[in-house]
Protein chains: 2
Amino acid sequence: MFEARMAQAALLKKVLEAVKDLVTDANWDCTSAGISLQAMDSSHVSLVSLLMRKDGFDMYRCDRPISLGINIASMTKIMKCANNNDAVTLRAEDEGDTVVFTFESADQEKVSEFEMKLMDIDSEHLGIPEREHTATVKMPASEFHGICRDLSTIGETVQVSVTKEGVQFTASGDTGKGTITLRNNSSVDEESQQVVITMQEELSLSFALRYLNFFTKATALADSVTLSMTADLPLVVEYRIEDTGYIRYFLAPKIDDDDDEDNN
Amino acid sequence: MFEARMAQAALLKKVLEAVKDLVTDANWDCTSAGISLQAMDSSHVSLVSLLMRKDGFDMYRCDRPISLGINIASMTKIMKCANNNDAVTLRAEDEGDTVVFTFESADQEKVSEFEMKLMDIDSEHLGIPEREHTATVKMPASEFHGICRDLSTIGETVQVSVTKEGVQFTASGDTGKGTITLRNNSSVDEESQQVVITMQEELSLSFALRYLNFFTKATALADSVTLSMTADLPLVVEYRIEDTGYIRYFLAPKIDDDDDEDNN
DNA sequence: ATGGTACTCC
DNA sequence: GGAGTACCAT
C-alpha cells in the first residue's frame, strides 16, 4: 500500500506544469524515502529528475517500493479538478493497476475522488551522478525565465559565459544579437534576488533555448534557480522545492561553441 | 406596439450568453405579462425555457401578444454593442417585421439604435407542466459549473446520485473515474454557498455532460442553481433571474442508468 | 472582466 | 489552412 497526502494541491499542480511539456509518460517511483521520477523528454534530448522526499508530505506511507506508470496528461487533467488549497491524497494498492486521487476542500464540504489507470512504462532509470561543476550560477528563477523567453525571440541558441564578475547570456539570429549580463551580486539583501557565482574557471557553453524554455515551466516552484556547468557535460538546471526536494533538468551543450556560429 | 426597457444591458447580454450556444433561432413571445421563449436546441435533445416578467423591466408595454422571431447570433452581435450599464429599449410595431434596440449610456450622452429584421419561425410552443420532483438539489451555480467542467475531462456522462446526506457526481472513461461528493450543508451561513437537498426518495440518474456544459453558460445569471430530478423524466436545471423570472433547461436522462455501463 | 490560446468547423 | 468560437488563465 502506498499513500501520501499533501496539504496543498497547488504544489503538485506546479510540479506537473514543470514536467508535462517535456514528458508524456513517466514512472513515479515511490519508496519509503519518498517519490522520485526520472524521464527523458520525448525527443531524447533532455532529462528531468524530480525528487519529493517523504518529509514534504503531511502523511506518507509506502509499505514496499512501487513504480506508478503515469500518463502525465491524464494526471494533469485530474489535478486541474483540484482547487489550489485542497488537500490531495494519492493512494495505490501494491498489486493494483490504478492510483486514486482524493481532493478535500478546506471546509470539508466537498470531497472528490479520481481513479486513474496506471501504465506499464519501460523505465530507463538512469543513475545520475552528483558531481562537482566548474561553474554554478544561482539567480532569481523569474530572471532566468525572462532571459530565456527574450532571447528566444532573437535566436535558437544561447551562449552562457561565466566569469567571476558575472554571467552573460547571448543569442544571435537574422534580426540581430542580444546580450544580457547579470553582475555577481551576492551582497543583495533579499536572498531570492541574488546572483551568486561559484567557479573554478571561466567557461562558456551554448544551449538550445527550446529546451531551456521547457525547463522554466518550473519557475513557479522556486524563487531561485541554479545552473551548474562543466565543459562537455550536460547543464543542470535545478529548482529546489521548499522542504521537499527538487526538480532538475539536464541538457547537453551544443558542440559548436564558438562566436562565429551564425546558422542558428 | 411592443416596447420594453431595462436599466442594465448586462442582464440581456447574460441571457443571450445562456441561450446562444444551444439555440440558433427562437421566438420571443411577448404578452402583457412579459416575455417568454421556449426552444429545443438544434439537435433536439434539450430544451430551454426563459421567462422575463414585465416587473423585471423599467418600462413595459405590450398592446397585444406578439411573437418576435429572432436569430440569436444577430441579436448577440447587436447586444455586444451595448455597454453593460447602458439602458436598453426593445421596440416592435404590431405589424412590423423588425425590432429596434436602443442603447442609452448612463450619462445620457450617447444613444445607439440598431434595427434588426425579424424571422418567421415555426414555434413548437411546448406546454411544459410544472411538476413535483422526486429530488431537488440547490447548490452554488459556480460549483455546478466546475463539477460539469471537471467531469467532462473524464467522460461524457455524469451520474447524479442524491441521498439525504449529499449529492454525488460520477463520471468514468478511458483514463479512469471521477467522483465528486457535496454534503448537504443547508446550515452554512451564506445562502449562496448552501447545498440544499429536498427529496422523497434516493435516486440516481445519468446525463450527457455536453448539454450540462451548455446549461452552465447561465452561471453568470444567478448565484444558485437548482437541479430537479424524477426517474425517467427530464432533469430541470433552473437559474433564477433576480426579480425577473428564470431560465430553465430540460434534459432527458440517459437510459443506461447503471454502474456497469462502460461505453461512455 | 478581459486577452490569449486551443480547438473545431468551413 | 483559415477563421470563428469556446475555454482558460490572469
Side-chain angles (χ1 to χ4, degrees), chain A residues 8-22 24 72-86 103 112 141-142 145-146 149-150 152-153 210 213-214 216-221, chain B residues 8-26 41-43 45-46 48 71-86 88 103 105-106 140-156 158 171 173-175 178 180 208-223 225 237 239 247 249:
Chain A
Q8 297 279 325
L11 177 63
L12 195 49
K13 289 182 165 200
K14 288 178 195 165
V15 165
L16 286 168
E17 285 302 310
V19 169
K20 76 175 199 317
D21 291 342
L22 232 27
T24 55
I72 303 295
S74 301
M75 183 167 165
T76 302
K77 270 190 196 171
I78 287 174
M79 286 304 303
K80 284 240 163 87
C81 304
N83 289 308
N84 280 335
N85 45 13
D86 284 358
F103 305 143
S112 314
S142 59
H145 183 197
R149 192 198 328 105
D150 291 350
S152 299
T153 66
R210 172 179 166 78
N213 279 322
F214 287 139
T216 59
K217 296 292 156 65
T219 302
L221 278 168
Chain B
Q8 297 280 322
L11 176 63
L12 195 50
K13 288 182 166 198
K14 287 178 194 165
V15 165
L16 285 168
E17 285 301 310
V19 169
K20 78 174 185 349
D21 291 342
L22 232 27
V23 177
T24 54
D25 305 306
D41 74 272
S42 37
S43 46
V45 171
S46 64
V48 194
N71 175 275
I72 304 296
S74 303
M75 181 166 168
T76 302
K77 274 189 193 164
I78 288 174
M79 286 304 302
K80 285 239 161 88
C81 304
N83 289 308
N84 279 335
N85 44 16
D86 285 359
V88 191
F103 305 142
S105 65
S142 60
E143 191 72 63
F144 183 60
H145 183 199
I147 289 169
C148 292
R149 191 202 321 110
D150 289 349
L151 291 183
S152 298
T153 66
I154 310 288
E156 296 174 357
V158 60
D174 299 339
T175 58
I180 296 162
L209 281 163
R210 173 179 165 77
Y211 291 93
L212 298 186
N213 280 323
F214 288 138
F215 302 169
T216 59
K217 298 292 156 68
T219 302
L221 279 168
D223 291 334
V225 62
V237 179
Y239 298 84
I247 184 164
Y249 302 91

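Letters go in sequence order (proteins before strands), and every chain restarts at 1.
Asp86(A) contributes no side-chain N or O that, together with a main-chain N or O of Ala9(A), makes up a donor-acceptor pair within less than 3.5 Å. Between the side chain of Asn83(B) and the backbone N or O of Asn85(B) there is no donor-acceptor pair closer than 3.5 Å.
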Under 3.5 Å, side-chain donor or acceptor atoms of residues 209-217 of chain B against the rest of the protein: list the pairs with distances, not counting sequence neighbours.
{"from": "Tyr211(B)", "atom 1": "OH", "to": "Ser43(B)", "atom 2": "OG", "distance (Å)": "2.8"}
{"from": "Asn213(B)", "atom 1": "ND2", "to": "Ser152(B)", "atom 2": "OG", "distance (Å)": "2.6"}
{"from": "Asn213(B)", "atom 1": "ND2", "to": "Leu209(B)", "atom 2": "O", "distance (Å)": "3.4"}
{"from": "Thr216(B)", "atom 1": "OG1", "to": "Asn213(B)", "atom 2": "O", "distance (Å)": "3.0"}
{"from": "Lys217(B)", "atom 1": "NZ", "to": "Asp21(B)", "atom 2": "OD2", "distance (Å)": "3.0"}

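With sequence neighbours left out, Asp223(B) forms a side chain to side chain contact (heavy atoms under 4.5 Å, CB included) with Ser192(B). Residues that satisfy the side-chain hydrogen bond (donor to acceptor under 3.5 Å, both in side chains) test with Thr153(B), not counting sequence neighbours, are absent from this structure. Taking Gln8(A) as the reference, nothing meets the side-chain hydrogen bond (donor to acceptor under 3.5 Å, both in side chains) condition, with sequence neighbours excluded.
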Identify each atom pair where a protein N or O and an N or O of nucleotides 6-10 of chain D are less than 3.5 Å apart, giving names and distance.
{"from": "dA6(D)", "atom 1": "OP1", "to": "Asp21(B)", "atom 2": "OD1", "distance (Å)": "2.6"}
{"from": "dC7(D)", "atom 1": "OP2", "to": "Lys217(B)", "atom 2": "NZ", "distance (Å)": "2.6"}
{"from": "dC8(D)", "atom 1": "OP2", "to": "Arg149(B)", "atom 2": "NE", "distance (Å)": "3.3"}

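If you take CG of Asn84(B) and P of dT2(C), they are 8 Å apart, rounded to a whole angstrom. Distance Lys13(B) NZ to dT2(C) P: 8 Å, rounded to the nearest Å. Regarding Gln8(B), its CD atom lies at a distance of 11 Å from the P atom of dA1(C), rounded to whole Å.
With respect to Ile147(B), the side-chain contact (heavy atoms from CB on, under 4.5 Å) criterion is satisfied by exactly one of Glu143(B), His145(B), Arg149(B): Glu143(B).
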Letter by letter from the 5' end, nucleotides 4-10 of chain C scores (B base, S sugar-phosphate only, - none; protein heavy atoms under 4.0 Å) -------

For side-chain contact (heavy atoms from CB on, under 4.5 Å), just list the numbers for Val19(B) and Ile247(B), CA-CA rounded to whole Å, side-chain angles, deciding distance to a tenth of an Å, and then say yes or no.
CA-CA 9 Å; Val19(B) 169; Ile247(B) 184 164; 3.8 Å; yes

